[in-house]
J.: 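Submitted below is the structure of interest, expressed as structure tokens.
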Amino acid sequence: MNVAFLDLKRQYASIKEELDQAVFDVLAHAKFIMGPEVKTFEEKVAEYCETKSAVGVASGTDALLLSLRACGVGPGDEVITTGFSFFATAGVITRLGATPVYVDIDPDTYNIDPGQIEKKITSKTKAIMPVHLYGQCADMDPIMEIAKRHNLKVVEDAAQAIGSKYKGKKAGSLGHFGCFSFFPSKNLGAAGDGGMVVTNDPEMADLLRMLRVHGAKPKYYHSIVGYNSRLDTIQAAILGVKLKYLDGWTQKRREHAQVYDDAFKDSSITTPKEENFNYHIYHQYTIAVKNRDKLREVLKENQIGHDVYYPVPLHLQECYKSLGYKEGDLPVIEAKSREVVSIPIYPELTADEQNYVIQTIKGAV
Ligand SMILES: Cc1ncc(COP(=O)(O)O)c(C=O)c1O
């Protein structure tokens, strides 16, 4: 048997007619830039996330970049974030001339440890950027409380977490800005790049709308310098169709997660911990094992797709050498980066395939 890590062709087959029609409709009306589907999709996302506004942008990376810009982050500022995330989380901070300040993670959820944030705050700190890693929200109440006390903005990197909930509230609606990625492999994925910022602040939403069109308002009048970062109409049309199915797909992911949880219960494998106040959407099902690299070899031999998120913590990336971090500075992250591996969890995974994955892993650890 051969089990793909993710098979998007199955998803397409299940909703082909609707998706094809949505794309053909855009080709026919030809409003490729900021066409009507963009606004419709923004309204649907704002409703879905229970926020006042949603602003479509070109990628999840740009959602973070534009949000930090809207917070006023610039040269000399510091932004506190986790050292265990995709590179974009850190890259956007650096691109604005600011400095990422890394905090260690909670060993159970892999999310930023709120108890370690306050000691990293300085007079230069402008914002906190928690990441809802693998699809589970960071512990937002203490983060928002610290931010309020120090007058800081909070930008949620919810790139992996659309539909996830914290104490009943949707990811993205908890901080000042919530940023989503529609990279094809995300739970809500486009047929290319795409992103969205949600916010409850209408002035900030207006600023984001300016920033995505070179800072123009009205057209050709630039009081600030922005970016070319719009969500494509074709992507918005595709995403508008897929959003209807998102909660059903999440349910399937959660069922698969339960099957894995039960199967690995009495083994040496550490399974994901869903906090009792969270609703995890299992963008990834990530296990931790001591002999991770041996397990990877067995998975490869048995043609089971898998990946490691992330093998090199952000504070130890070569491009951040000048920040002066060294091995041992963020011990939980460093240990987890050697132990984690994510295994297939996509909604269309069959019971036979999942059973094959389980038996192979059990035989290897
Ligand atoms: C945690 C995190 N932040 C940011 C991004 C960037 O999103 P994008 O690839 O859409 O630019 C991603 C996804 O790739 C991500 O997983």
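The model shown is predicted, which means the values in this text are computed figures rather than measured ones. All ligand and atom numbering here is 1-based and tracks the order in the structure.
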J.: Considering non-hydrogen atoms of the protein only, which is the closest contact for atom 16 (O) of ligand 1, and what is the distance?
T.: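 Answer, as residue, atom name and distance: Gln160 NE2, 2.9 Å.
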J.: Short question: side chain of Asp62, backbone of Ser59 - any donor-acceptor pair under 3.5 Å?
T.: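 Checking the backbone N and O of Ser59 against the side chain of Asp62, no donor-acceptor pair under 3.5 Å is found.
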J.: Any chance you could measure Thr233, atom OG1, to Lys39, atom NZ, to the nearest 0.5 Å?
T.: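 It is 13.5 Å, given to the nearest 0.5 Å.
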J.: Measure the distance from atom 11 (O) of ligand 1 to every protein heavy atom, then report the residue, atom name and distance (to 0.1 Å) of the closest one.
T.: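 Scanning the protein heavy atoms, the shortest distance from atom 11 (O) of ligand 1 goes to Thr61 OG1, 2.4 Å.
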J.: Which option out of Gly91, Ser181, Ala58 puts a heavy atom nearest to atom 7 (O) of ligand 1?
T.: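 Checking each option, the heavy atom nearest atom 7 (O) of ligand 1 is found in Ser181.
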J.: Using a 4.0 Å heavy-atom cut-off, which part of Thr89 comes near ligand 1: side chain, backbone, both, or neither?
T.: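 Looking at Thr89 and ligand 1, just side chain atoms fall under 4.0 Å.
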J.: Go through Lys290 and Thr270 one step at a time and tell me if the side chain to side chain contact (heavy atoms under 4.5 Å, CB included) criterion holds.
T.: CA-CA 9 Å; Lys290 293 289 174 212; Thr270 306; over 6 Å; no
J.: Which atoms of ligand 1 sit under 4.0 Å from any heavy atom of Ala159?
T.: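 The atoms of ligand 1 under 4.0 Å from a heavy atom of Ala159 are 2 (C), 3 (N), 4 (C), 5 (C), 12 (C), 15 (C).
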J.: Below the 3.5 angstrom mark, is there an N/O of Asp157, backbone or side chain, next to an N/O of ligand 1?
T.: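 Yes; at least one N/O pair falls below 3.5 Å.
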J.: Could you tell me if Lys153 sits above the aromatic ring of Phe177, with its cationic atom closer than 6.0 Å to the ring centre and no more than 45 degrees from the axis?
T.: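 No cation-pi geometry.
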J.: If hydrogens are left out, which of Gln284, Lys186, Met196 has an atom nearest to atom 13 (C) of ligand 1, that is, the closest non-hydrogen atom?
T.: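 The nearest heavy atom belongs to Lys186.
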J.: Looking only at N/O atoms, are Val131 and ligand 1 under 3.5 Å apart anywhere?
T.: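 No, no N or O pair falls under 3.5 Å.
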J.: Examine Leu330 and Ile80 and state if one hydrophobic cluster contains both, with Ile, Leu, Val, Met, Phe, Trp and Tyr joined whenever side-chain heavy atoms are less than 4.5 Å apart.
T.: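 The answer is yes; both residues are in one hydrophobic cluster.
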J.: Touching ligand 1 at all, Gly195? Heavy atoms, strictly under 4.0 Å?
T.: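 Contact absent.
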J.: Does the separation of the ring centres of Tyr110 and Tyr134 fall below 6.0 angstrom?
T.: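 Under 6.0 Å, so yes.
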J.: Which ligand 1 atoms, with their elements, are less than 4.0 angstrom from a heavy-atom of Ser85?
T.: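 Numbered from 1, ligand 1 contributes 1 (C).
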J.: In sequence, state the C-alpha distance, the side-chain angles, and the governing distance for Tyr166 and Asp139, and then conclude on side chain to side chain contact (heavy atoms under 4.5 Å, CB included).
T.: CA-CA 8 Å; Tyr166 174 81; Asp139 191 3; 2.6 Å; yes
